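Written out below as structure tokens is the structure these notes cover.
Given the structure is predicted, the values throughout are model-derived calculations rather than measurements. Residue numbers count from 1 along this sequence. Scope of the values below: all heavy atoms of this structure, side chains included, with no hydrogens, waters or symmetry mates.
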Amino acid sequence: MSFEKQRLDITDRVVGKFTDGQLNLYLEKEMIGQMVSENNYDLKTGYEFNNSRFYQFADVITGSDQKYVDCDDENGWC
């Protein structure tokens, strides 16, 4: 098991809320940035806007999840 950095499309999960005349962007309850101008966003590190889509860079588990190691197949112990 290892971690790999992946670019995840989160466009459908991003919500905009107006606060004091600014459009703030949220992913679930976390503010991830704000709109500066049309198609121009100031986003936190780890987020990106590209080709009208929002992306999040996240660590994703890859490989098999080995729950049992060093098993003794002859005696049935793990």
Residues passing the side-chain hydrogen bond (donor to acceptor under 3.5 Å, both in side chains) test with Glu4, sequence neighbours excluded, are Gln6
Cluster membership besides Tyr26, Ile/Leu/Val/Met/Phe/Trp/Tyr side chains within less than 4.5 angstrom, sorted by chain and number, is Met31
Who are the salt bridge (charged side-chain N to carboxylate O under 4.0 Å, His left out) partners of [X], not counting sequence neighbours?
X     : value
Asp12 : none
Asp42 : none
Lys44 : Glu30
Glu28 : Arg13

side-chain contact (heavy atoms from CB on, under 4.5 Å) filter on Thr11, not counting sequence neighbours, yields Asp9, Arg53, Phe54
Residues at least two apart in sequence or cross-chain that pass side-chain contact (heavy atoms from CB on, under 4.5 Å) with Asn51, listed by chain then number, are none
Rounding to 0.5 Å, atoms OH (Tyr41) and CE (Met35) come to a distance of 4.5 Å
Output for pair (Asn39 CG, Phe49 CZ), nearest 0.5 Å, gives 4.5 Å
Please tabulate, for side-chain N and O atoms in residues 15-24, each donor-acceptor pair with protein atoms closer than 3.5 Å (sequence neighbours left out).
residue: Gln22; atom: OE1; partner: Gln34; partner atom: NE2; Å: 3.3
residue: Asn24; atom: OD1; partner: Gln34; partner atom: NE2; Å: 3.1

In short, Glu48 meets Leu43 closest at the heavy-atom pair C-CD1, 3.6 Å
Residues at least two apart in sequence or cross-chain that pass ring-ring contact (aromatic ring centres under 6.0 Å, His included) with Tyr47, listed by chain then number, are none
For Tyr55, the ring-ring contact (aromatic ring centres under 6.0 Å, His included) test, sequence neighbours excluded, returns none
